[in-house]
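The next block holds one structure in the form of structure tokens; read it before the comments.
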Amino acid sequence: MPKLSLNIRSALGCLFGAMLLISVLQGAIAYWKIGNIAIVTNNILDNTIPSVSEAHGINALIIRTRLWQFRYMTDESDTAKNESKAKTVEFAAERDKKVSAYSPSYSRGRWIWGGERSIKH
């Protein structure tokens with residue numbers, strides 16, 4: 001049986017090749033994981049940010065309603081009070097409509113947001 005011996009040059013070359021192969025595999029896995037981060041980020045932007053925008057719209061309607069309520073309390077004329085009352089009712093109805101569209105429901109283990117911006121299955 002012939003004796004198998006590797007000189008130091010061949011051994012170091014094989015080890016360097018193995019390290020290079022491991023580095024390439026790590027790079028490929030990292031590239032794949034970065035692609036997954038982009039998918040998750042897009043999912044967050046599509047499904048979470050719209051709910052933040054809807055909440056902002058609801059808060060804006062609440063502020064407008066309170067402003068008209070304050071005007072109702074501070075105005076002296078009946079015309080201004082009637083206008084304030086009408087605007088308060090209008091904004092409150094619009095707010096209630098947005099809140100009912102925004103309210104979450106739990107379905108199939110995921111939060112689904114109502115309205116026109118719902119999570120795609």
Look up atom [atom1] in [X] and atom [atom2] in [Y], then write down how far apart they are to the nearest 0.5 Å.
X: Ile29; Y: Ile34; atom1: CD1; atom2: CD1; value: 12.5 Å
X: Lys98; Y: Asn59; atom1: NZ; atom2: CG; value: 11.0 Å
X: Thr65; Y: Asp96; atom1: OG1; atom2: CG; value: 9.0 Å
X: Asp78; Y: Glu83; atom1: CG; atom2: CD; value: 13.0 Å
X: Glu94; Y: Lys87; atom1: CD; atom2: NZ; value: 9.5 Å
X: Thr88; Y: Phe70; atom1: OG1; atom2: CZ; value: 12.5 Å

ILVMFWY cluster membership beyond Leu12 - transitive side-chain contacts under 4.5 angstrom: Ile8
Which residues pass the side-chain hydrogen bond (donor to acceptor under 3.5 Å, both in side chains) test with Thr79, sequence neighbours left out? none
Dump the intermediate steps for side-chain contact (heavy atoms from CB on, under 4.5 Å) on Ile62 and Arg66, then the final yes or no. CA-CA 6 Å; Ile62 290 171; Arg66 289 184 179 160; 3.7 Å; yes
